[in-house]
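Take a look at the structure below.
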Amino acid sequence: SVTAPPNTGDAGSITFAGELYNANAQTYAAGASGSLMAAAGAPTSFLSSNDAIAVNGTLSLALGADLSVQPGTGTITLATGIVAQSASDIALMGAVSLTDDVLIDGGAQGDVLIAGDVTGAGRDFTVLGRTIATAGLNLRGATNGDGGDLTLTASGAVPTGDVTVT
């Protein structure tokens, strides 16, 4: 588990520098006043050995900072979202659990792939990008019978962006 410290000399942030982060269960948290960032120009990948990967806070992707999250049979937990500053490809390769309303934004030239179930009672799930593709996507609101819808808003870039849901 890695949490950005309060505003000190590093401004309370965590910057991922285009590496493969391969571990068991992983939690990356922005902290009360911090931020999560992926550096420009290099892909960042989070890989686990079938354990959960949690991102608590908005993960901001610099230009060309593509992101891949692969938890195996684990779950990707998102609290806020993943937002490209310009154009980044985003691949969420596993089940996704939303703990709040979430925005996934690859930018006008970024592609987004979601390959797994998405759950989140009473949550809004917004996906934006040049093209949006899914593989085996199942949207689920409440999983414990307590009610609540999951709302998906998907928008490809105008005028030729594609949104494909399978």
Side-chain angles (χ1 to χ4, degrees), residues 1-5 10 12-32 34-85 87-107 110-129 131-144 150 152 154 164-166:
S1 179
V2 179
T3 301
D10 71 354
S13 64
I14 300 171
T15 299
F16 303 98
E19 300 287 337
L20 170 62
Y21 299 89
N22 188 353
N24 294 329
Q26 302 168 50
T27 301
Y28 303 99
S35 60
L36 302 171
M37 299 170 285
T44 296
S45 297
F46 298 112
L47 179 66
S48 82
S49 55
N50 298 322
D51 294 297
I53 298 173
V55 178
N56 299 324
T58 298
L59 176 55
S60 179
L61 307 176
L63 176 62
D66 296 338
L67 176 70
S68 175
V69 183
Q70 301 176 47
T73 58
T75 300
I76 302 164
T77 301
L78 300 174
T80 308
I82 301 168
V83 178
Q85 298 306 308
S88 297
D89 294 336
I90 300 169
L92 303 178
M93 307 301 293
V96 177
S97 175
L98 310 177
T99 62
D100 205 337
D101 295 341
V102 170
L103 168 65
I104 305 297
D105 184 355
D111 298 324
V112 178
L113 170 63
I114 300 169
D117 294 348
V118 177
T119 59
R123 304 297 179 212
D124 291 327
F125 185 48
T126 303
V127 183
L128 306 171
T131 60
I132 299 164
T134 62
L137 177 67
N138 291 302
L139 300 174
R140 299 184 195 328
T143 57
N144 59 2
L150 172 64
L152 171 68
T164 305
V165 177
T166 59

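Quantities reported herein were computed from a predicted structural model and do not represent experimental measurements.
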* Rounded to the nearest 0.5 Å, what separation is found between the CE atom of Met37 and the OG1 atom of Thr44? -> 12.0 Å
* To do: Given side chain to side chain contact (heavy atoms under 4.5 Å, CB included), test Leu92 with Ile82 step by step and report yes or no.
  => CA-CA 10 Å; Leu92 303 178; Ile82 301 168; 4.0 Å; yes
* **Main-chain N/O of Ala91 paired to Gln70 side chain as donor or acceptor, under 3.5 Å** => no
* **Backbone of Thr73 reached by a side-chain donor or acceptor of Asn50 within 3.5 Å** => yes
* **Least distance between heavy atoms, Met93 atom then Ile76 atom** => N-CD1, 4.0 Å
* When rounded to the nearest 0.5 angstrom, what distance separates CG in Leu103 from CZ in Phe125? -> 9.5 Å
* **Closest non-hydrogen atom pair between Thr99 and Arg123, with its separation** => O-NH2, 3.1 Å
* Asked: Say you draw a straight line from CD1 of Ile14 to OH of Tyr28; how long is it, rounded to the nearest 0.5 Å?
  -> 8.5 Å
* Asked: What is the minimum heavy-atom distance between Ala65 and Ala38, and which atoms define it?
  -> CB-O, 3.8 Å
* **Tyr21 and Phe16 aromatic ring geometry - parallel, tilted or perpendicular at 30°/60° bounds** => perpendicular
* Asked: Is there a donor-acceptor pair under 3.5 Å between the side chain of Thr58 and the backbone N or O of Ser35?
  -> no
* Asked: What distance do Asp66 atom CG and Asp89 atom CG have between them, rounded to the nearest 0.5 Å?
  -> 4.5 Å
* **Leu78 to Val102 - nearest heavy-atom pair and separation** => O-CG2, 3.7 Å
* **Phe46 versus Ile53, closest heavy-atom pair with distance** => O-CD1, 3.8 Å
* Kindly indicate, with the supporting measurements, whether the criterion side chain to side chain contact (heavy atoms under 4.5 Å, CB included) is fulfilled by Ser60 and Val83. => CA-CA 5 Å; Ser60 179; Val83 178; 5.7 Å; no
* To do: Would you name the heavy atoms of Gly18 and Ala42 that are closest together and state the gap between them?
  => CA-CB, 3.7 Å
* Asked: With side chains defined as the heavy atoms from C-beta onward, is the minimum distance between Asp100 and Thr80 less than 4.5 Å?
  -> no
* Say you draw a straight line from CG of Asp105 to CD1 of Ile90; how long is it, rounded to the nearest 0.5 Å? -> 7.0 Å
* Asp124 side-chain N/O to Asp101 backbone N/O, donor-acceptor pair under 3.5 Å -> no
* Between atom CG of Asn56 and atom OG1 of Thr77, what is the distance when rounded to the nearest 0.5 Å? -> 8.0 Å
